[in-house]
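Written below as structure tokens is the structure these notes are about.
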Amino acid sequence: MRNRGQRASDRLRADGVSTAEELERLLALGAQRTDVGQGPDVSWVVLADPEGNVFCLLSRSSQDVEREELQQH
């Protein structure tokens with residue numbers, strides 16, 4: 001989800017690090033969990049950095065999701 005006025009979406013992939021470890025690290029750096037209307041059963045965590053920029057921590061990559069969807073069909 002983009003904030004109004006946000007021009008681009010930066011992406012970062014943290015291979016080899018568990019989602020729980022990365023979440024702990026981001027919270028220690030000042031990120032806060034935030035609600036943007038996501039449901040309770042999503043596979044990501046929505047966070048905001050100390051400046052209010054919203055971002056998601058995904059437990060799976062979009063490529064993994066696409067691969068799983070193709071295998072189901």
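A quick note: this is a predicted structure, and the numbers were derived from the prediction, not measured. Values below: every heavy atom of this structure, side chains too, minus hydrogens, waters and symmetry copies.
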Result block: side-chain N/O donor-acceptor pairs under 3.5 angstrom for residues 27-40, not counting sequence neighbours:
| from | atom 1 | to | atom 2 | distance (Å) |
| --- | --- | --- | --- | --- |
| Asp35 | OD1 | Gly37 | N | 2.7 |
| Gln38 | OE1 | Val36 | N | 2.8 |
| Gln38 | NE2 | Thr34 | O | 3.1 |

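Side-chain heavy atoms closer than 4.5 Å link hydrophobic residues (I, L, V, M, F, W, Y) into clusters, and following such links, even through other members, never connects Phe55 to Leu58. A continuous path of ILVMFWY side-chain contacts below 4.5 Å connects Val54 to Trp44, so both sit in one hydrophobic cluster. In the hydrophobic clustering of this structure, Leu26 groups with Val45; members are Ile, Leu, Val, Met, Phe, Trp, Tyr whose side-chain heavy atoms approach within less than 4.5 Å, directly or through other members.
Not counting sequence neighbours, Glu24 has no partner by the side-chain contact (heavy atoms from CB on, under 4.5 Å) test. Partners of Gln71 according to the side-chain contact (heavy atoms from CB on, under 4.5 Å) rule, which considers only residues two or more places apart in sequence or in another chain, are Arg67.
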